[in-house]
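Read the structure below first, then the notes.
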Amino acid sequence: MNAENIRVRFAPSPTGYLHVGGLRTALYNSLFARGHGGTTVLRIEDTDRSRYVEGAAENLIETLAWAGITFDEGPEQGGDFGPYVQSERTALYREHAERLLAEGKAYRCFCTSEELAASRERQVAEKKDPTYDRRCRMLSEEEVAAKMKAGMPHTVRMKVPLVGQMQFRDLVRGDISVHYDVIDDQVLLKSDGYPTYHLANVVDDHHMEITHVIRGEEWLPSTAKHRLLYEMFGWDPPQFAHLPLLLNPDRSKLSKRQGDVAVEDYRTKGYLPEALVNFVALLGWNPGGDRELFTLEELQEEFSLERVGKAGAVFDIEKLQWFNTQYLRALPPEKLAEICEPWMREAGFDTIDRERTQAVATALSSYLTLPSDITTHIELFTQDAVTLDEESREITAAPESQQVFQRFIEVAETQEPWKGEEIKTMVKTIQKDTGVKGKKLFMPLRLAMTGQQHGPDLGMIAELLGRETVIERIRRRIL
RNA sequence: GGCGCGUUCGUCUAGCGGUUAGGACACGGCCCUCUCAAGGCUGAAACACGGGUUCGAUUCCCGUACGCGCUACCA
């Protein structure tokens, strides 16, 4: 294969949100193509008018871009193979259906959806395989002409051979073969004039000169039909690579109802795109070795279809959370603050002071899995006054605690500078002065300052709270 | 039901005939530390089953079981 000419496509249908499985498919396509200097194409498959959702395509593109995935050709940027929206290519599909019809490789079917559904029900009831009985395949030319003249709505079905089998090599799964006798005469053109996925994807992939079709495993069984279509048209088929499915914890195909499946859901929850992408990249593929943290660029460098696994992978949110924690922690203070800001403000923290905002976000960073987690810790810096529960009051009332408080106020007044490290050193001198140390030294101070037994480094807290507040809060605990 | 595909710790996975079966998440312990979190170290935890092939199978082949997918005028 000529690496220069690799062309892949991501072909979602605009039915709403971007599924995380779709994100991974788009990602793998992109990694594969970009890693080989190829071209990525985005094609919108909107041939099912009943499922069309307004604005979904734009949302898909925007969400993909958020994740760092962009395309070389597509509805927004155009390209030499457009249009890139299938509903704008219906003439092309019709033309190709006509061609098959003319060559006797397809036929018009006048069965209605109702008839077909009833037939299917009957077959199931009789415990027979529900397959189309091909009655319209036997229609004579005269009968077809008569029905056409009568204006009967109809579909176009492909004539699948009655015997034989289709064999092909999948880049992920190796040799696959499917017997024709289990393949229905697939509808190619619906009665509303729109093509089905099967016709449209083959026609488009050919005309858009797609070299590699990388898609989910749910397409594996119908790949035989697609290959047959290429044969009927006399075209060279692209290479196929079918990706293992993403699974729910119970190992069924990843779906709503068992958690979030929309990339948008993770985005609004505050997951970082780098974390989601890194996580999803490793679901079904890995570069070998022990490394797990990869940037998009590194993934591109490492990715290969040969290392894509065959078995489905459970989407484990705890692992995703770990990735997010890693990326969050690696963020520089400015970036961290920027990301946490909305939640800090929501929790009542004034973010006007940028430096202070950064310092607070940094101080709390080791507690965060998601930026939104900051809301449960920021009370430390938003509360006006400290209230203590019974147990805490007892601790601060202890003679040793009182001794520490007294001394603290004395030295804190003149402590310079009022900085985390220096404040800790100052506390150490209080240890010397009072003889109180360890937990008995720090815990009362922490309680007096924050009202809580646990939290970030005490020196840092004292610095961020400010000398006045600290002294005032400690003075208040002196009996 | 039919067809297709799959099966290494609970989960993501490494392994491509000979390994004490490795790593990561989660879980337990220890260390660090004023505490919690983070971090470091460490522990428990897997080759679905049965036949072959082979001197030797987690690895190759065949069955079985189980799982998933497809079986639409949806993609």
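Chain letters run A, B, ... following the sequence lines, proteins first, then strands; residues in each count from 1.
Closest contact between the side chain of A:V314 and the listed nucleotides B:A37, B:C73, B:U11 involves B:U11. Set against B:C12, B:A14, B:C5, the side chain of A:L220 has B:C5 as its closest nucleotide.
Under 4.0 Å is where a charged nitrogen must lie from a carboxylate oxygen, and between A:E126 and A:K128 at least one such pair does. A salt bridge between A:D185 and A:K159 is absent, with no side-chain N of the basic residue lying under 4.0 Å from a carboxylate O of the acidic one. Salt-bridge check for A:E45 with A:R43: passed, with a basic side-chain N closer than 4.0 Å to an acidic carboxylate O. Residues A:E217 and A:R173 are paired through a salt bridge, judged by an N-O separation under 4.0 Å between the basic side chain and the carboxylate. A salt bridge does not link A:K319 with A:D316: every distance from a Lys NZ or Arg NE/NH1/NH2 to an Asp or Glu carboxylate oxygen is 4.0 Å or more. Comment: A:D133 engages A:R135 in a salt bridge, judged by a side-chain N to carboxylate O separation of less than 4.0 angstrom.
Side-chain nitrogen and oxygen atoms of A:N286 include none within less than 4.0 Å of the OP1 or OP2 phosphate oxygen of B:U13. Note on A:Q86: every side-chain N or O is 4.0 Å or more away from OP1 and OP2 of B:C74. A sub-4.0 Å separation between OP1 or OP2 of B:G15 and a side-chain N or O of A:R307 is present. Side-chain N/O atoms of A:K424 include none lying less than 4.0 angstrom from OP1 or OP2 on B:C34.
Going from the P atom of B:U58 to that of B:G18 covers 11 Å, rounded to whole Å. Rounded to a whole angstrom, the distance from the P atom of B:G43 to that of B:G22 is 11 Å. Spacing between B:C12 and B:C27 at atom C1', rounded to whole Å, works out to 16 Å. Rounded to a whole angstrom, the distance from the P atom of B:A46 to that of B:G23 is 14 Å. Rounded to whole Å, the separation between the P atoms of B:G2 and B:U59 comes to 28 Å. With both ends at atom C1', the span from B:U42 to B:U54 equals 39 Å, rounded to whole Å.
For A:D316 and B:U11, the CG to C1' distance is 5 Å, given to the nearest whole Å. The CD atom of A:Q321 sits 9 Å away from the P atom of B:A26 (whole-angstrom rounding). When rounded to the nearest whole Å, the span between CZ of A:F405 and C1' of B:C34 equals 13 Å. Between the CG atom of A:D185 and the P atom of B:C73 there is a distance of 11 Å, given to the nearest Å. Computed from coordinates, the A:D290 CG to B:C12 P distance equals 18 Å when rounded to whole Å. Per the geometry, CZ belonging to A:R43 stands 12 Å off C1' belonging to B:A75, to the nearest Å. A:F323 has its CZ atom 11 Å from the P atom of B:U13, to the nearest Å.
The residue among A:R329 and A:V172 whose nearest nucleotide of RNA chain B lies closer to the 5′ end is A:V172. Of the two residues contacting RNA chain B, namely A:E292 and A:G284, the nearest-nucleotide position lying further toward the 5' end is that of A:G284.
Contact annotation: side chain of A:S366 to base of B:A38, donor-acceptor pair absent below 3.5 Å. Between the side chain of A:K319 and the base of B:A24, a donor-acceptor pair under 3.5 Å is found. A:T196 contributes no side-chain N or O that forms a donor-acceptor pair with the base of B:C73 under 3.5 Å.
Residue A:E115 holds its CD atom at 12.0 Å from CZ of A:R120, rounded to the nearest 0.5 Å.
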> Base, backbone or nothing for each nucleotide of nucleotides 61-72 of chain B, written B, S, -, heavy atoms under 4.0 angstrom, 5' to 3'?
Replying inline: -------SSSSS
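A:H96 has its ring centre less than 6.0 Å from the ring centre of A:H207.
In this structure, A:F442 counts as stacked on the base of B:C34 under the 5.5 Å centre distance and 30° plane angle limits.
Taking the centre and axis of the six-membered ring of A:Y28, the NZ or CZ atom of A:R24 falls inside the cone set by 45° and 6.0 Å.
Under the Watson-Crick or G-U wobble criterion, with both distances below 3.5 Å, B:C66 is paired with B:G6.
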